[in-house]
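In this text the structure is predicted, and so the values were computed from the model without any measurement. Chain letters run A, B, ... following the sequence lines, proteins first and then strands; every chain starts at 1.
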Number of protein chains: 2
Amino acid sequence: MSEDADRQTFSPTRKSLPIMLLRAREAVMFRIRPMLRQIGVTEQQWRVLRVLEESGELDVSTLAERAAILGPSLTRILKTLREVGYIDVRRDRDDRRRSLASLTPAGATLIASAADDSAAVFAAIHAEFGTERTQALLRELDALTEVLGESGPDTAD
Amino acid sequence: MSEDADRQTFSPTRKSLPIMLLRAREAVMFRIRPMLRQIGVTEQQWRVLRVLEESGELDVSTLAERAAILGPSLTRILKTLREVGYIDVRRDRDDRRRSLASLTPAGATLIASAADDSAAVFAAIHAEFGTERTQALLRELDALTEVLGESGPDTAD
DNA sequence: CCCATAAAGTTAACGTGTTAAATAAATGCG
DNA sequence: CGCATTTATTTAACACGTTAACTTTATGGG
């Protein structure tokens, strides 16, 4: 009743790359959310804090790129994080179009307080799915992103 | 300046499973969005229509599960899709708590009109990343979802 | 030096993600 | 049968995703 005849017009949604990536991400996030709730930040706020902890002071564009968050979302997130005191934002003296964000001591403390819980979650995932298998999956995801990122339908010409 | 000493508290964000799944999904969606824009539906609306095309009439809970969309979002999406005439929604006679959604002819026509474009996009992805490699990645994503889905921090007791 | 153009962020508008609470219908038990 | 408890869905509130338009600052050519 759903298919015209004996030919599948689309691959089943169970085998669709976008949906499977979404499902896998959901499964992982399900393990992580309890920790995030505990410290009172959203998943995206956590990514921003993590990137700043990893890279130090960054301009908004680079931060957006590394945290995989779009500009408009990041503007709102930075506003919130600044209001609660986890980050500082200042203007770049040399190029006054740029904003530079950095972690405050309070932000660094927050991240440190979640380190053990975070490690435990990922240790559990490695234990259940396999450390090597997880690493291999990460490599494949990175490869897929690289391959598709080089040229797209909007980059054709 | 970012790390306390010589020990990495967190794995680099470049190797974080949640972030890599997000990046990979973004890379794939970047190829698909032009088609969705053309037919005037969002990514989530498209998933709902695809699932209904694949499975026929479904109750809201099952539809949410298969389209990987949460209940509250689906309520809004179904309202929109009904208003533009792509789906019908009715009450289940046997269990009046349930709503049943199904594709209208207009909805089926919309999907059919995008079939060729959709196939072309996925053919391109298979060509660039490899058909076998893509299949293998899908299997790993499914496996990860299964492994993590069986028990979680909220299912421990 | 002046202006057109580009670049970096922000604002705006609308749709979705996420959690908690509310509504409504079905179920089970005394 | 009557009511407390579940189940299915919706509503509400706030945060983020996405695209387009806008503001401000840099840059380059005349």
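Both B:Asp59 and A:Asp94 lie close to DNA chain D; mapped to their nearest nucleotides by heavy-atom distance, the more 5′-ward contact belongs to B:Asp59. Nearest-nucleotide positions on DNA chain D place B:Leu74 closer to the 5' end than the other of A:Thr80 and B:Leu74.
In this entry the distance linking CZ of A:Arg91 with P of D:dT24 reads 10 Å, nearest Å. In this structure, B:Arg98 places its CZ atom 13 Å from C1' of C:dT27, rounding to the nearest Å. D:dT10 atom P lies 13 Å from atom CD1 of B:Ile69, rounded to whole Å. Between B:Leu22 atom CG and C:dG17 atom P the separation is 13 Å, expressed in whole Å. With rounding to whole Å, B:Leu78 atom CG is found 7 Å from D:dT10 atom P. Between B:Arg37 atom CZ and C:dC14 atom P there is a gap of 16 Å when expressed in whole angstrom units. Remark: P of C:dG15 and CD1 of B:Ile77 are 11 Å apart, rounded to the nearest angstrom. Atom CZ of B:Arg23 is separated from atom P of D:dG17 by 13 Å (rounded to the nearest Å).
Remark: B:Arg33 is in phosphate contact with D:dT18, judged by side-chain N or O atoms under 4.0 Å from OP1 or OP2. Here A:Arg93 does not reach the OP1 or OP2 of D:dT25: none of its side-chain N or O atoms lies under 4.0 Å away. Contact annotation: A:Gln44 does not reach the phosphate of C:dG17 (side-chain N/O to OP1 or OP2, under 4.0 Å). Under 4.0 angstrom from either OP1 or OP2 of C:dT16 there lies at least one side-chain N or O belonging to B:Gln45. For C:dT16, the OP1/OP2 oxygens have no side-chain nitrogen or oxygen of B:Ser73 closer than 4.0 Å. Of the side-chain N and O atoms in B:Ser99, none sit less than 4.0 angstrom from OP1 or OP2 of D:dA8.
Donor-acceptor pairing under 3.5 Å, judged by distance alone, is present between the side chain of B:Arg97 and the base of D:dT7. For A:Arg76 and D:dG17, a side-chain-to-base donor-acceptor distance below 3.5 Å is present, hydrogens and geometry of angles not being considered.
Relative to the side chain of B:Glu26, the nucleotides D:dT18, C:dA20, C:dT10 differ in distance, and D:dT18 lies closest. Here C:dG17 is the nucleotide among D:dT19, D:dA12, C:dG17 with the atom lying nearest to any side-chain atom of B:Leu70.
Here the shortest heavy-atom pairing between B:Lys15 and A:Leu138 reads O-CD1, 3.2 Å.
A salt bridge links B:Arg33 to B:Glu26: at least one charged side-chain nitrogen sits closer than 4.0 Å to a carboxylate oxygen.
The main-chain N or O of B:Arg91 is never found under 3.5 Å from a side-chain atom of B:Ser99 such that the two would form a donor-acceptor pair. Judged purely by atom type and a 3.5 angstrom limit, A:Arg66 has no side-chain atom pairing as donor or acceptor with the backbone of A:Arg47.
No more than 12 heavy-atom neighbours from other residues, nucleotides or ligands sit within 6.0 angstrom of CD on A:Gln38.
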